[in-house]
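These notes concern the structure reproduced below.
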Protein chains: 2
Amino acid sequence: MIITKAGRRMFPAMRVKISGLDPHQQYYIAMDIVPVDNKRYRYVYHSSKWMVAGNADSPVPPRVYIHPDSPASGETWMRQVISFDKLKLTNNELDDQGHIILHSMHKYQPRVHIIRKDCGDDLSPIKPVPSGEGVKAFSFPETVFTTVTAYQNQQITRLKIDRNPFAKGFRDSGRNRMGLEALVESYAFWRPSLRTLTFEDIPGIPKQEDILQTSLMVQWLRICLSMEDTWIQSLVWKDPS
Amino acid sequence: MIITKAGRRMFPAMRVKISGLDPHQQYYIAMDIVPVDNKRYRYVYHSSKWMVAGNADSPVPPRVYIHPDSPASGETWMRQVISFDKLKLTNNELDDQGHIILHSMHKYQPRVHIIRKDCGDDLSPIKPVPSGEGVKAFSFPETVFTTVTAYQNQQITRLKIDRNPFAKGFRDSGRNRMGLEALVESYAFWRPSLRTLTFEDIPGIPKQEDILQTSLMVQWLRICLSMEDTWIQSLVWKDPS
DNA sequence: ACTTTTGCACCTAGGTGTTAACAT
DNA sequence: ATGTTAACACCTAGGTGCAAAAGT
């Protein structure tokens, strides 16, 4: 994922669908991004792989993106697909825009937090998400990514250009769409196109089967696009001749 | 003010500064727009005046614009200038976008409401603002306006074009800026450039002198531009030769 | 005759990867 | 060598009044 000083959106944006909330209870929904390991990485061109390149840089001020619709009732949250498309990443450790601060060339994993309103008094964009009763975190391994300031992998670049409306100006029609379709095809072979994630229920909420379910049916491709560069490497890329 | 089927912003937007709130109490801030009288108007070109042209059209579904930062603490509200620039007006009585529905060729007056959070359970974009304890409405006579679907008065048009960044394409440089400056000058003669409005305190809040004060110092011109067409007629308009 | 609608050119505002310059 | 920055062209998204067309 590209990070800049000014702040850059994630693409594709994390989107999530929630069920099992108390319709009449108020909740905050928030996202933070945690390191996957303690390593710094570099991209090796000749093998097209990310390799460990030392230990991680010193930790960075903690930031939380509180979904702008917060707080809202369980009913409201469950009625819509919750999108984090306005979240921005930065590599500026002195950032004062409330963006999430990350180190470049590191691996990260987004987490979604559901915080019951009465437990959210400590919730702040510049403090770690509180834990305990009435707070629950969810992670999606599919969405691990590597931060960069410039793309290392030309296939990632092409996928971004093809899928992000704001990058339309860099598409050269025909050729790219075929490349993407080939990727989608190869992906469908060894990955179920729908996956339901089941979690323990949130404390104080009646237990149900699907507390939180990513809407993979409609957006499995989006998630595919947000994974780390290494992961996409393992796909069979058919370059149209 | 222009109204359309799709919804059109007010320009300039209503902006307000609040003081006297309890910093730790939560409030909603909302705006609605009420008829000034029971009349319909038409614009008479030869006299450059709005004239009564019969009784008002049948009433329209009530709508409330809840400020998108709501709810927020008194501290948060008082720290910023509160802008209603995303509010939209429509003449579509079947509107389903949550816009404020008005009749064309009628006179209206915006009202700002402060609703203590615990009194805002009934607050809804499609219901009248509740009244009573913990709710207070404020009106600014300067901001009365007349709705149209096409501008009747060329001076209004020119003011909008000169002040609204989105209308920059219609400016013909030089001439217009002079016209505006002449208007500003004549306005300053007979109107104090700063006015402080004092209201009774909000129930449950310690009484203070300035509960709500429009930031006229910095934006008296904005308010000048938002008034009804008739009012602007009474200004001495110096057309640069 | 008057009012409203619609498509439009022209803007603001801001999200893309690119590229060359810069930093380390 | 490698990683980062800043200016840029090219987009999306949407807010303007205009003018011709359509209603009433």
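Given the structure is predicted, the values throughout are model-derived calculations rather than measurements. In what follows, chains are A, B, ... by sequence order, proteins preceding strands, each numbered from 1. FYI, side chains are in, hydrogens and waters are out, and symmetry mates aren't considered; it's all heavy atoms of this structure.
Side-chain nitrogen and oxygen atoms of B:Lys5 include none within less than 4.0 Å of the OP1 or OP2 phosphate oxygen of C:dT4. For C:dT5, the OP1/OP2 oxygens have no side-chain nitrogen or oxygen of B:Thr149 closer than 4.0 Å.
In this structure, B:Ile3 atom CD1 and D:dG15 atom C1' are separated by 17 Å, rounded to whole Å. Going from atom CG of B:Asp57 over to atom P of C:dT3 covers 12 Å, rounded to whole Å. As a whole-Å value, the separation of B:Leu102 CG from C:dT3 C1' is 17 Å. In this structure, CH2 of A:Trp50 is placed 13 Å from P of D:dT2, rounded to the nearest angstrom. For the pair B:Gln97 CD and D:dG15 C1', the interatomic distance rounds to 16 Å; values are reported in whole Å. In this structure, A:Met51 atom CE and D:dT2 atom P are separated by 14 Å, rounded to whole Å. For the pair A:Arg40 CZ and D:dT2 C1', the interatomic distance rounds to 10 Å; values are reported in whole Å. One interatomic measurement links the two molecules: CG of A:Asp162 to P of D:dC10, which rounds to 19 Å at whole-angstrom precision.
Here the side chain of A:Thr90 pairs a donor or acceptor atom with the backbone of A:Thr4 at under 3.5 angstrom.
B:Tyr28 meets the ring pair (Phe, Tyr, Trp, His ring centres under 6.0 Å) test with no other residue; sequence neighbours excluded. A:Arg9 meets the side-chain contact (heavy atoms from CB on, under 4.5 Å) test with A:Lys86, A:Lys88, A:Phe166; sequence neighbours excluded. Under the side-chain contact (heavy atoms from CB on, under 4.5 Å) criterion, A:Arg111 pairs with A:Asp32, A:Val34, A:His113, A:Ser139, not counting sequence neighbours. Residues passing the side-chain contact (heavy atoms from CB on, under 4.5 Å) test with B:Thr147, sequence neighbours excluded: B:Ile3, B:Leu102, B:His106, B:Tyr108, B:Phe145.
A residue-by-residue look at B:Asn91 and B:Gly169 shows that B:Asn91 has its nearest nucleotide of DNA chain C further toward the 5' end.
Counting any heavy atom pair closer than 4.0 Å across all strands shown, A:Thr4 reaches no nucleic acid atom.
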What string of B, S and - do you get for nucleotides 13-24 of chain C, 5' to 3', if B is base contact, S is sugar-phosphate-only contact and - is no contact with any protein heavy atom under 4.0 Å? -BBBBS------

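Figure legend: B:Lys107 and B:Tyr41 shown as a cation-pi pair, the cationic atom lying under 6.0 angstrom from the six-membered ring centre and within 45 degrees of its axis.
Sequence neighbours left out, the pairs with a member in residues 89-105 of chain A that pass salt bridge (charged side-chain N to carboxylate O under 4.0 Å, His left out) are A:Arg63-A:Asp95.
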